[in-house]
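Have a look at this one.
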Amino acid sequence: MADKTIRIVVATHKEYPMPDDPMYIPVQVGSALNPPLPYIGDDTGDNISERNPYFCELTGLYWAWKNLDDSYIGLCHYRRYFGEKRPLLTPARQHILRYEKAAACLESAPVLLPCKRDYVIETNYSQYVHAHHAENLDKTRGILQERYGAYIPFYDAYMKKTTGHRFNMFVMRRDLLDEYCNWLFDILFELERRLDIRGYTPYDQRVFGFVAERLLDVWIEENRCPYTELPVINMENQHWLKKGTAFVMRKVTSGANCRVKLNL
């Protein structure tokens, strides 16, 4: 691994304490639309920076894909990193993934993913449509059917599961990243053409980032990519009561209105 480089983009829209490991490169996402921060902007080189309100951290991923040449490239967030299991009451920053551990994991498998999230009482499909718009996933499936039919069984199977890798976080070997990004952005750019999001809230207009979270596992499974899972380290306290209440309210308020087109 000594002759191979690992670069993990830290997507950020604000100044924030960053890891001191040179493996990490802070990138200001949406920099074409905002005052500059003391980080590299995702509006340099080949980029889609101006789409950040709709693609979220994916503008950082696109920038990394087009402008970095490292052997392994990854994406994380300024408040959320890969790491090691964190003992209670210890500072989160002490447990952020470092190069040596990342290199060892990537010797065993060419992809790093966050540990799966389990919704228990929700499928991936129902959880999405309770929180967002069903047409996002239904039109995505239509694009897959037209362009990448081999992925349909994996897409349908994933939507029926209660677990999935979230946050658009991963590290991939360069050749796999090329394949994944070519596939992902082809789908998302076509979805962008087909969706009318003018009536969406600003939160729901981030649809392409949300959909990408659900496509990662589909690509991983269809391509049979070996991967290693690592815990996610949050830099700030998680408001679990608030999140749990919102989860329940979404089910109560949207369940009667969502139209599930898949046979789930």
Side-chain angles (χ1 to χ4, degrees), residues 11 51-59 61 75 77 80 113-149 151-170 180 183-222 229 232 238-240 242-264:
R51 285 156 135 142
N52 182 256
Y54 319 111
F55 281 75
C56 310
E57 64 277 348
L58 295 183
T59 61
L61 172 62
L75 179 68
H77 309 262
R80 189 182 293 127
L113 296 177
C115 292
K116 287 182 180 178
R117 179 173 246 180
D118 192 341
Y119 289 101
V120 185
I121 61 172
E122 290 266 37
T123 65
N124 287 312
Y125 187 84
S126 68
Q127 185 276 331
Y128 188 95
V129 301
H130 285 148
H132 307 291
H133 296 267
E135 67 172 343
N136 305 158
L137 295 184
D138 298 335
K139 289 189 176 183
T140 297
R141 189 183 189 279
I143 294 168
L144 282 172
Q145 184 75 67
E146 294 170 17
R147 299 188 176 194
Y148 303 100
Y151 286 84
I152 287 294
F154 299 92
Y155 183 85
D156 289 347
Y158 171 78
M159 289 300 165
K160 294 177 183 178
K161 295 178 180 179
T162 63
T163 61
H165 298 102
R166 289 290 187 266
F167 313 127
N168 287 318
M169 286 176 60
F170 56 80
Y180 175 62
W183 177 84
L184 176 68
F185 286 105
D186 181 54
I187 294 167
L188 295 181
F189 291 160
E190 181 59 27
L191 182 63
E192 185 181 34
R193 285 187 281 270
R194 298 187 188 190
L195 277 180
D196 182 356
I197 63 173
R198 288 174 293 181
Y200 285 17
T201 65
Y203 177 72
D204 276 333
Q205 286 184 347
R206 296 158 59 183
V207 50
F208 307 105
F210 298 145
V211 169
E213 285 187 272
R214 280 75 185 176
L215 287 176
L216 176 59
D217 281 336
V218 177
W219 186 85
I220 290 287
E221 291 298 323
E222 200 283 336
E229 290 185 337
V232 173
Q238 300 297 291
H239 300 287
W240 294 113
K242 181 178 179 180
K243 288 185 175 184
T245 301
F247 176 78
V248 172
M249 289 304 297
R250 285 198 300 266
K251 285 183 65 65
V252 172
T253 59
S254 65
N257 297 321
C258 71
R259 293 181 298 172
V260 179
K261 295 183 180 180
L262 291 178
N263 182 22
L264 303 180

Quick one: closest heavy-atom pair of Gly209 and Cys56, and the distance?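 Heavy atoms only, the tightest pair is CA-SG, 4.4 Å.
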
Arg194 and Glu146: CA distance, side-chain angles, deciding distance, salt bridge (Lys or Arg N to Asp or Glu O under 4.0 Å) verdict: CA-CA 13 Å; Arg194 298 187 188 190; Glu146 294 170 17; 2.7 Å; yes

Could you measure the distance from the CD atom of Glu57 to the CZ atom of Phe167? Nearest 0.5 Å is fine.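 Answer rounded to 0.5 Å: 10.5 Å.
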
How long is the straight-line distance from NE2 of His77 back to CG of Asn168, given to the nearest 0.5 Å?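 Reported to 0.5 Å precision, the distance equals 6.0 Å.
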
Donor-acceptor pair, Gln205 side chain versus Ile197 backbone, under 3.5 Å?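 Yes, Gln205 side chain to Ile197 backbone: donor-acceptor pair under 3.5 Å.
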
Quick check: do Arg147 and Asp186 have side-chain heavy atoms less than 4.5 Å from each other?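 Contact flag for Arg147/Asp186 side chains = yes.
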
Do Tyr203 and His132 have their ring centres less than 6.0 Å from each other?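 Yes, ring centres under 6.0 Å apart.
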
For Ala212 versus Leu58, what's the shortest heavy-atom pair and its separation?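 Heavy atoms of Ala212 and Leu58 come nearest at CB-CD1, 3.5 Å.
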
From CZ (Arg193) to CD1 (Ile143), nearest 0.5 Å: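 Arg193 CZ to Ile143 CD1: 8.5 Å, rounded to 0.5 Å.
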
Is any side-chain heavy atom of Asp138 less than 4.5 Å from a side-chain heavy atom of Tyr125?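 Yes, their side chains come closer than 4.5 Å.
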
Rounded distance [0.5 Å steps], CD in Gln145 versus OG1 in Thr140: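 Output value for this atom pair is 13.0 Å.
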
Taking side chain as C-beta onward, heavy atoms only, is Val211 less than 4.5 Å from Tyr128?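 Yes, at least one pair of side-chain atoms sits under 4.5 Å.
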
Nearest non-hydrogen partners of Asp204 and Ala131, listed with the distance: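 Minimum heavy-atom contact is OD1-O, 3.8 Å.
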
If we ignore hydrogens and angles and just use 3.5 Å, is the side chain of Asp196 paired with the main-chain N or O of Arg198 as donor and acceptor?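 Confirmed, Asp196 side chain pairs with Arg198 backbone.
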
Separation between NZ of Lys161 and CG of Asp118, rounded to the nearest 0.5 Å: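 Atom-to-atom, Lys161:NZ and Asp118:CG are 11.5 Å apart.
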
Could you check whether Tyr148 and Tyr155 have their ring centres less than 6.0 Å apart?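 Ring centroids of Tyr155 and Tyr148 are no less than 6.0 Å from each other.
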
Measure centre to centre between the rings of Phe170 and Tyr180, then say whether the value is under 6.0 Å.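 Yes.
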
Tyr151 ring center within less than 6.0 Å of Trp183 ring center: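 Yes.
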
Working for salt bridge (Lys or Arg N to Asp or Glu O under 4.0 Å), residues Arg141 and Asp156: CA-CA 9 Å; Arg141 189 183 189 279; Asp156 289 347; 2.7 Å; yes

Side chains of Thr59 and Asn52: do they bring a donor and an acceptor to under 3.5 Å?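 There is such a pair between these side chains.
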
Phe55 vs Leu61, side-chain contact (heavy atoms from CB on, under 4.5 Å): CA-CA, chis, key distance, verdict: CA-CA 10 Å; Phe55 281 75; Leu61 172 62; over 6 Å; no

Are the side chains of Thr162 and Val120 in contact, using a 4.5 Å heavy-atom criterion?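 In short, these two side chains do not touch, never coming nearer than 4.5 Å.
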
Please give me the minimum heavy-atom distance between Arg80 and Val232, naming the atom from each residue.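 Heavy atoms of Arg80 and Val232 come nearest at CG-CG1, 3.1 Å.
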
One pair to check against side-chain contact (heavy atoms from CB on, under 4.5 Å): Phe210 and Asn136. What are the steps and the verdict? CA-CA 9 Å; Phe210 298 145; Asn136 305 158; over 6 Å; no

Looking only at non-hydrogen atoms, find the nearest pair between Leu113 and Met169 and report the distance.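 For Leu113 versus Met169, the nearest heavy atoms are CD2-O, 4.1 Å.
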
Looking at Glu213, Glu229, Arg214, which hits side-chain hydrogen bond (donor to acceptor under 3.5 Å, both in side chains) with His165?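 That would be Glu229.
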
Report yes if some heavy atom in the side chain of Met159 is under 4.5 Å from a heavy atom in the side chain of Leu137; otherwise report no.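 With C-beta onward as the side chain, the pair touches.
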
How many angstroms lie between atom CD1 of Ile220 and atom CG of Leu215, to the nearest 0.5 angstrom?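 Answer for the CD1-CG pair, Ile220 versus Leu215, is 12.0 Å.
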
Working note: Phe208 + Phe189, criterion ring pair (Phe, Tyr, Trp, His ring centres under 6.0 Å); need CA distance, chi angles, decisive distance, verdict. CA-CA 9 Å; Phe208 307 105; Phe189 291 160; 8.7 Å; no

Answer yes if the side chains of Tyr119 and Asn124 hold a donor-acceptor pair under 3.5 Å, and no otherwise.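 The criterion, which ignores hydrogens and geometry beyond distance, is not satisfied for Asn124 and Tyr119.
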
Do Val207 and His133 have side chains that approach each other closer than 4.5 Å (heavy atoms only, starting at C-beta)?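 Not in contact.
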
For the residue pair Phe154 and Asp217, establish whether any side-chain heavy-atom pair is separated by less than 4.5 Å.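 The answer is no; the side chains never approach within 4.5 Å.
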
Any ion pair linking Glu192 and Arg51 (charged N to carboxylate O, less than 4.0 Å)?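 A salt bridge links Arg51 with Glu192.
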
